[in-house]
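All remarks here apply to the structure that follows.
One is the number of the first residue; the rest follow in order along the sequence.
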Amino acid sequence: FCLRVLGHLWGMLTHAGLHHALVESLAATGRAPTKEDLWASSSDDEPVDADALRAALEALQAYHGVVLHPPPHSDRVWAVHPFSVAPTPFVVRWKGDFDDDAAEERPSLTEDDVLAATTDGEHDPSRGGGPKPMLESASTWWGCCAWCSLGVVAVMRQRSKDAGARVPRTFDVLTTYGAEGASPATVRVRGGELLGAEDGDDPRVVHFPIKMVHAWDNVVWTCQHMLLFARADDVGAWCERHGVQRGDAVPIERVWRLALRWYAAHARRDWRKWTRDEAADIFAACDLTHDVWNLGGVATSDAPSEDRF
């Protein structure tokens with residue numbers, strides 16, 4: 001199944017083309033494609049050799065579009081934000097429902113329907129009518145961190161909207177507060193709304209201890225410290241226990257807004273990284289004013305800076 005989907009998605013070894021193939025595989029199957037998958041999905045007219053593929057992956061990592069295993073295994077994917085290939089304390093689970101479940105029940109889908117929904121072609125009405133189906137073989141993913149886990153939800157919903165497909169409705173993020181294992185926590189998003197935050201007084205926060213300007217110094221370390229807490233008052237004691245400098249404890253509703261703005265377009269074919277200026281604008285729009293979010297050196301001219309986030 002993964003190879004058939006990738007075979008319809010593969011493009012030139014550009015940042016956007018390779019990123020799209022990686023994200024599409026993770027979204028649809030729950031796993032990253034192997035180098036063999038990527039070779040098999042390349043065009044017969046433009047076959048991809050091992051050296052070219054490794055170079056393209058390493059260039060995408062330098063662009064902050066993927067995290068790879070250290071050499072000599074740098075053709076293996078570790079993470080494509082917001083998805084983690086390796087297990088993490090953040091499990092994202094789709095409940096199997098759709099935004100339009102109140103509508104007329106639709107016929108069962110075949111694998112050909114799946115492929116029709118993941119290509120650029122027009123939908124064939126003979127396959128059931130209505131919105132194009134986008135059936136996933138995966139319903140569970142790992143997020144890199146608390147922010148990324150909500151980002152997975154944003155990606156999965158927007159990906160279906162972009163395809164004109166039925167939109168998955170309810171997602172649970174399963175974790176424990178402070179990643180300490182003692183207190184299980186579930187964050188639920190239904191129909192694009194974060195449940196528990198409707199009245200604006202949800203006490204849950206996500207702690208961001210590492211300045212965003214240094215996030216990619218060691219992005220795995222950065223993500224491992226973006227954790228969910230039951231309330232802001234719990235963050236200080238946790239930092240004391242673990243020797244972590246306290247950063248910004250952001251209300252979870254605001255982190256959901258951030259995830260929507262930051263990650264919703266990550267499955268698109270024209271994906272690119274945010275510039276420093278664009279990232280700063282997103283942080284400001286989400287009312288993130290702590291020094292953690294200060295990127296510094298933001299250009300004041302009309303030309304965007306070259307830094308990518």
Side-chain angles (χ1 to χ4, degrees), residues 26-27 29-32 67-70 76-96 138-156 168 170-190 193-197 201-212 214-259 262-263 288 290 292:
L26 278 159
T29 72
R31 70 173 184 86
V67 181
L68 304 173
H69 286 251
R76 294 181 59 192
V77 175
W78 191 327
V80 187
H81 291 84
F83 298 93
S84 176
V85 179
T88 73
F90 295 94
V91 177
V92 183
R93 186 168 294 160
W94 173 45
K95 303 294 285 183
S139 59
T140 302
W141 305 265
W142 288 301
C144 295
C145 62
W147 172 15
C148 285
S149 298
L150 292 172
V152 170
V153 179
V155 167
M156 296 306 298
T170 307
F171 293 83
D172 286 343
V173 177
L174 309 175
T175 186
T176 62
Y177 291 123
E180 292 183 320
S183 302
T186 300
V187 178
R188 175 164 290 184
V189 176
R190 178 181 293 144
E193 299 295 328
L194 182 71
L195 300 191
D201 62 355
D202 191 326
R204 296 172 296 178
V205 299
V206 176
H207 182 222
F208 295 85
I210 297 168
K211 291 184 177 182
M212 290 298 108
H214 295 300
W216 279 88
D217 293 355
N218 183 340
V219 73
V220 175
W221 177 266
T222 299
C223 286
Q224 288 174 335
H225 286 80
M226 294 179 184
L227 303 174
L228 180 69
F229 290 84
R231 57 192 62 83
D233 290 346
D234 296 340
V235 174
W238 184 94
C239 290
E240 281 288 323
R241 286 196 299 277
H242 298 288
V244 175
Q245 183 174 352
R246 179 166 179 148
D248 193 15
V250 181
I252 192 168
E253 185 276 333
R254 206 178 304 170
V255 179
W256 172 233
R257 285 164 48 200
L258 174 64
W262 194 269
Y263 282 121
L288 300 171
H290 190 281
V292 159

Can you give me every donor-acceptor pair (side chain of residues 178-187, partner residue at least two apart or in another chain, under 3.5 Å) with its distance?
| unit_1 | atom_1 | unit_2 | atom_2 | d |
| --- | --- | --- | --- | --- |
| E180 | OE1 | R241 | NH2 | 3.0 |
| E180 | OE2 | R241 | NE | 3.2 |
| E180 | OE2 | R241 | NH2 | 3.1 |
| E180 | OE2 | H242 | NE2 | 2.7 |

With a 3.5 Å distance limit and no angle check, can you tell me whether [X] reaches the backbone of [Y] through a side-chain donor-acceptor pair?
X	Y	answer
T88	G143	yes
D248	V250	no
H207	G247	yes

Evaluate the side-chain proximity of [Y] to [X]: yes if any heavy-atom separation is below 4.5 Å, no if none is.
X	Y	result
W78	C144	no
V153	W256	yes
T140	V92	no
D234	Y177	no
W141	M156	yes
V220	Q224	yes
H225	P209	yes

| Checking ring pair (Phe, Tyr, Trp, His ring centres under 6.0 Å) against H81, which of W216, W147, W142, W262 comes through? |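 Of all the options given, the one that passes is W216.
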
| query | Would you call D172 and R93 a salt bridge, taking side-chain N to carboxylate O under 4.0 Å as the test? | reply |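 No, D172 and R93 are not salt-bridged.
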
| query | Is it true that R231 and D233 make a salt bridge, defined as a side-chain N closer than 4.0 Å to a carboxylate O? | reply |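 The answer is no: the pair does not qualify as a salt bridge.
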
Using side-chain contact (heavy atoms from CB on, under 4.5 Å) as the criterion, list what pairs up with [X], not counting sequence neighbours.
X	value
P251	R254
V85	L26, A32, V77
T222	I210, A215, M226

When rounded to the nearest 0.5 angstrom, what is the spacing between [atom1] in [X] and [atom2] in [Y]?
X	Y	atom1	atom2	answer
R188	T170	CZ	OG1	6.5 Å
L150	L258	CG	CG	9.5 Å
C145	F90	SG	CZ	6.5 Å
Y263	S149	OH	OG	9.5 Å

| task | Considering non-hydrogen atoms only, spot the tightest contact between A138 and A27 and give its length. | result |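 Shortest heavy-atom contact: CB-O, 4.2 Å.
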
| field | Results of side-chain hydrogen bond (donor to acceptor under 3.5 Å, both in side chains) for R246 - residues two or more places apart only | value |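 Per chain and number, R246 pairs via side-chain hydrogen bond (donor to acceptor under 3.5 Å, both in side chains) with no residue.
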
| Between F229 and L227, is a side chain to side chain contact (heavy atoms under 4.5 Å, CB included) present by the stated rule, with each step listed? | CA-CA 7 Å; F229 290 84; L227 303 174; 4.0 Å; yes

| field | Residue pair V91, V173: steps toward the side chain to side chain contact (heavy atoms under 4.5 Å, CB included) verdict | value | CA-CA 6 Å; V91 177; V173 177; over 6 Å; no

| said: Going by salt bridge (charged side-chain N to carboxylate O under 4.0 Å, His left out), name the residues that satisfy it together with R190, two or more places apart in sequence or in a different chain. | reply: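 Here no residue qualifies.
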
